[in-house]
Amino acid sequence: MTERPNLPSRYAAAEVEPAIYERWLASGAFAPSAEPRPGAERFVITMPPPNVTGSLHVGHALFVTLEDLLTRYHRMRGDDTLWLPGVDHASIAAQFVLDKIIAEEGETRASLGRDRYLERMWRFMDETRDVIGLQMRRLGASADWTRNRFTMDPMSARAVRTAFKRLHDGGLVYRGEALVNWCPRCRTTISDLEKVPREETGTLWTIRYHLARPDGTPDAERWIAVATTRPETVLGDVAVAVNPDDERYRDLVGREAILPFLGRRLPIIADPVVERDFGTGAVKITPAHDPDDYETGRRHGLPAISVLDEEARINDQGGPFAGLDRYEARERIVEQLRAMGDLEGERPHPMVVGHCDRCGTVIEPRLSVQWFVRTKPLAERALASVRGGRTKIVPEHFTKVYAHWMENIRDWAVGRQLWWGHRIPAWYCPDGHITVTDAEAGPDACAACGRPAAELTQETDIFDTWFSSGLWPFSTLGWPDDTADMRRFYPTSVMETGYDIIFFWVARMMMLGLFLTDAEPFHTVYLHGLVRANGGVKMSKTKGNTADPLEVIEEIGADALRFALTVGTTPGADQRLTETKLDGARNFTNKLWNAARFVLGARPEPLTMPEGAPSLAERWIHSRLSEATERATRQLDELDLSVYAASVHDFAWGDFCDWYLEMAKVDLRRPGATPGEQARAWLSAADALAGLLRLLHPIVPFVTEEIWAALMASHPHAASQPPLLISAAWPTPGARDLLAEADLHVVTELIRGVRNLRTESGSPASAWLGLTVVPAEPAARAAIERGIDYLAALARVRPIEVREPGVDDGRPELVASTSEAAAWLGSVGGETADARTRLAANEAHLRRGIERLRALLAGEFAQRAPAAVIERERARLSELEAQLRLLSGG
RNA sequence: GGGCGGUUAGCUCAGCCGGUCAGAGCGUCUCGCUUACACCGAGAAGGUCGGGGGUUCGAGCCCCUCACCGCCCACCA
């Protein structure tokens, strides 16, 4: 080592991070070892696979950060660690994107047809499949890319077929007619979860339906008025309902009204669901277009007449309005009713309208035949797992949300009338039999009548994307086969995701996982919050307030972004990512860099064999590092990720940089020190730095790795260390050195006191002042003498006189007092009066504290409080008393 | 209409399933270019922990209640 290796003066995070990532990748550190280490604990993280069409947004950045943090920690612990990455095919979202792309090419879904559309989709996938993964790498994601998975790959397809087959065999799927949510733009069914309610002001129209005369013609003089917000649905009306107790209409029940435009005869029925006070108290019944009416219709044996097609245009049931868009039809109908004199009223009406989560279009209830998963039995088990603590939700209060949903769950319409996705493996035979199979090639013959496969037709619907996502924890490991990965990594450990998909995804994984694998798919659900923009508003591209993680990384590095996203957050609670916070994190990485530069630059040349006993500062930092290690370990084990980040930050900045490195300067530059002693001092600093780097690596992996490389290059014992920090062992806390900590506590308190006084007395910061110290007792005196060089350097005082208490010294410029010692500066200037005032104030403050504690200890507290608590207060009291004695010269 | 979360220093947020003058970062003020770092160092000011009531020897933490803010769930045309 002829050339002293050191780091560049500036840390160019964005420039060096990719290279560091390549080193990790090349080292094979991300993948679990071929065989698990005997006795190793298992740690497997389940991540939410991002949409294949997506590009990295700040929400991804958050989950990648948290999951990578945990993965790195457990890997360093030596656990059998797996973080399996992948992407979700996101059928509806992907089609939404592709539809827009092909539109630019002058094509539509219809013009291409299913086969060519899917071909186009797969080409699109080639472009997008790796994008998100590459971006995740920029954040430092140490996932096992050799196991990268896609929910449309053959393994996943097989899992989907098998899952459906087993659900079917278990009587948990059925096909039936129901009113489902239909998006006229996406032209598919969507689940209740994908329907987002929005408050809107609509219009409530009151319409007259004339009563039917005995001959079936409308009675111009008599009518029943109904209220509706969707006049276009009158075309599908089959009845008018009133409350059975409503006297106003009692005599009308059993009679008939005539539907305008179409002349259909509508029985007037009585049903208790009708609220007498709403509107006119009479309701038009449209079973094919309203969930309530659908139920009412069933109860009364009424037909359901669909009047809208898949794009929400009036179909051929709509008479004169056929072919019109639903809103156009609405207008025309209102107009014509008005012209006919049958529009009795219209007024603004606040209401909640369901929109498509994907495209924002207003959802129509639509009558159709669908595949459903019977969720009740699945939900019961999924709920029991959480209630029984076999799966724990963090934060705990989301358990209630989860439970409420599970208790009120409705059957899951799993079919989608889309093309991009897993096609439901059900085949229909001309005789109406249904055959469900998990065979890739489909069934050989109808399971019921044996008709050959050639005569069967496959269901055209595909699965809801979340059906395959719900299999993720095990489909990615090879299920349904009994693979080595399945045995080794399932069930997984922590499932980490945002609370916004607790129903979509977490609940489904629990239900499907328990049914299909007979195990909870993970023991912990860690829910992070949403990242919001400044002002607490949701980030959205249209508002232009999105923080682009890639831009942030380019500017300040991935470490800083990771740190900012982790610190100061609580699981399940939203956070704001502000410029200030990012700056703070950037400053922190910079601080680490410079601390390392100091250590590396301080290496004695040549570095000889160390000799001599460790200095007080060396013992102190060693002890503090032990404590920090213990704390960090506990916090990470308890998933207190933000607290971990804050506490290692504080240790690094406060204990290590502010105190230890300043004291290390004293040791390193101690006059008369032998080369061996200098070597010892430096090695202590280098080792403390190494320990610190290990603690920090999970949260700021890049900068710590880069520093590690430089440190190892200049450390004589580097050969015994792994070349890459990512593969280094998580430290085990050593023994605390409480004596060193106690000694330095006395000294640092004194330093603080002196600094305080220097500022208050306005003495020049650069001036060396004489200091007189009066220790309270021999122990304090010994401590001060042991740390006197640090005291001198850090408080900038020279010379220091240590005096016995009780000597009359007139101490006009008493400056500082701690419980261990009193001290004053030699020549502060002519500020005697100020000093006396200060002394008096100090004394008064102490007396108040003492009184308060004496009163406390004299009261009921002393009888009732736990002994430890009382003892602590007693100790505090005697500290204050000692301090007062010192102050008053006792 | 139900349910949940929040309300702590000017701002953004911590606060260990009650322990006794409440913490951090940023901002503000005062000093300081002391050869790791001005993306820095030293010091300081700043809070009736949303309001009210209660339980307790003791409450930011528990209970009741009110007020705002936010979110989730929900089939009133």
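Labels below follow one simple rule: chain letters A, B, ... track the order of the sequence lines, proteins then strands, and each chain is numbered from 1.
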Would one find a side-chain N or O of Arg876(A) under 4.0 angstrom from OP1 or OP2 of rC21(B)?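 True: Arg876(A) side-chain N/O within range (under 4.0 Å) of rC21(B) OP1/OP2.
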Tell me whether the OP1 or OP2 atom of rU35(B) has a side-chain N or O from Lys665(A) closer than 4.0 Å.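 No, no such contact exists.
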With sequence neighbours excluded, what pairs up with Arg230(A) under the side-chain hydrogen bond (donor to acceptor under 3.5 Å, both in side chains) test?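 Arg230(A) satisfies side-chain hydrogen bond (donor to acceptor under 3.5 Å, both in side chains) with Glu364(A) only.
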Listed partners of Asp192(A) passing side-chain hydrogen bond (donor to acceptor under 3.5 Å, both in side chains), at least two apart: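 Testing Asp192(A) for side-chain hydrogen bond (donor to acceptor under 3.5 Å, both in side chains), a comparison that skips the adjacent residues, returns Asn181(A), Arg410(A).
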Stems involving RNA chain B: give each as a range paired with a range, ordered by first number, where a stem means at least three consecutive Watson-Crick or G-U wobble pairs under 3.5 Å.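 Expected stems, ordered by start: B:1-7 with B:67-73, B:10-13 with B:23-26, B:28-32 with B:40-44, B:50-54 with B:62-66.
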Distance between the [atom1] atoms of [N] and [M], in whole angstroms?
N       : M       : atom1 : result
rC49(B) : rG23(B) : P     : 14 Å
rA22(B) : rA59(B) : C1'   : 13 Å
rC61(B) : rC17(B) : P     : 15 Å

Flag the pair Glu881(A) and Arg876(A) as a salt bridge only when some basic side-chain nitrogen lies within less than 4.0 angstrom of an acidic carboxylate oxygen.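 No salt bridge links Glu881(A) with Arg876(A).
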Do NZ/NE/NH1/NH2 and the carboxylate oxygens of Arg586(A) and Asp583(A) come within less than 4.0 Å?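 Judged by the 4.0 Å cut-off on N to carboxylate O distance, Arg586(A) and Asp583(A) do form a salt bridge.
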What residues from residues 401-412 of chain A pass a heavy-atom cutoff of under 4.0 Å to RNA chain B?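 Contacting residues: His404(A), Arg410(A).
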Scoring nucleotides 57-65 of chain B by protein non-hydrogen atoms under 4.0 Å (B base, S sugar-phosphate only, - none) yields B--------
Can you figure out which of [options] approaches the side chain of [X] most closely?
X         : options                   : value
Asn756(A) : rA74(B), rC4(B), rG43(B)  : rG43(B)
Leu193(A) : rC73(B), rA36(B), rA77(B) : rC73(B)
Arg872(A) : rC76(B), rG19(B), rA74(B) : rG19(B)
Arg755(A) : rA42(B), rC21(B), rA77(B) : rA42(B)

Please compare Tyr499(A) and Asp650(A) by the position of their nearest nucleotide in RNA chain B and report the one closer to 5'.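 Per heavy-atom nearest nucleotide, the more 5' residue is Asp650(A).
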Rounded to the nearest angstrom, tell me the gap between atom CH2 in Trp659(A) and atom P in rA36(B).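 Atom CH2 in Trp659(A) sits about 18 Å away from atom P in rA36(B).
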Using whole Å, what does the distance between atom C1' of nucleotide rC72(B) and atom CG of Leu530(A) come to?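 Distance check: Leu530(A) CG to rC72(B) C1' gives 12 Å.
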Can you list the residues that meet the ring pair (Phe, Tyr, Trp, His ring centres under 6.0 Å) rule with [X], with sequence neighbours excluded?
X         : answer
His300(A) : none
Phe563(A) : Phe588(A), His649(A)
Tyr294(A) : none
Tyr11(A)  : Trp593(A)

Heavy-atom donor-acceptor pair, Asp411(A) side chain to Thr375(A) backbone, under 3.5 Å: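 Yes: the side chain of Asp411(A) pairs with the backbone of Thr375(A).
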Show me the protein contacts with nucleotides 13-15 of chain B, counting only N or O atoms at under 3.5 Å.
from	atom 1	to	atom 2	distance (Å)
rC13(B)	OP1	Arg576(A)	NE	3.1
rC13(B)	O3'	Gly568(A)	O	3.4
rC13(B)	O2'	Gly568(A)	O	3.0
rA14(B)	OP1	Thr570(A)	OG1	2.2
rA14(B)	O5'	Thr570(A)	OG1	3.3

What pairs with Arg248(A) under salt bridge (charged side-chain N to carboxylate O under 4.0 Å, His left out), at least two apart in sequence or on another chain?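 With sequence neighbours excluded, Arg248(A) shows a salt bridge (charged side-chain N to carboxylate O under 4.0 Å, His left out) to Asp246(A), given in chain and number order.
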Quick one: is the NZ or CZ of Lys665(A) closer than 6.0 Å to the six-membered ring centre of Phe598(A), and within 45° of its axis?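 So Lys665(A) does make the cation-pi contact.
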If you restrict it to nitrogen or oxygen atoms, what contacts under 3.5 Å exist between nucleotides 26-34 of chain B and the protein, and what is each distance?
none

Test of ring centre spacing under 6.0 Å for Phe278(A) and His349(A):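 Centroid distance Phe278(A)-His349(A): below 6.0 Å, so yes.
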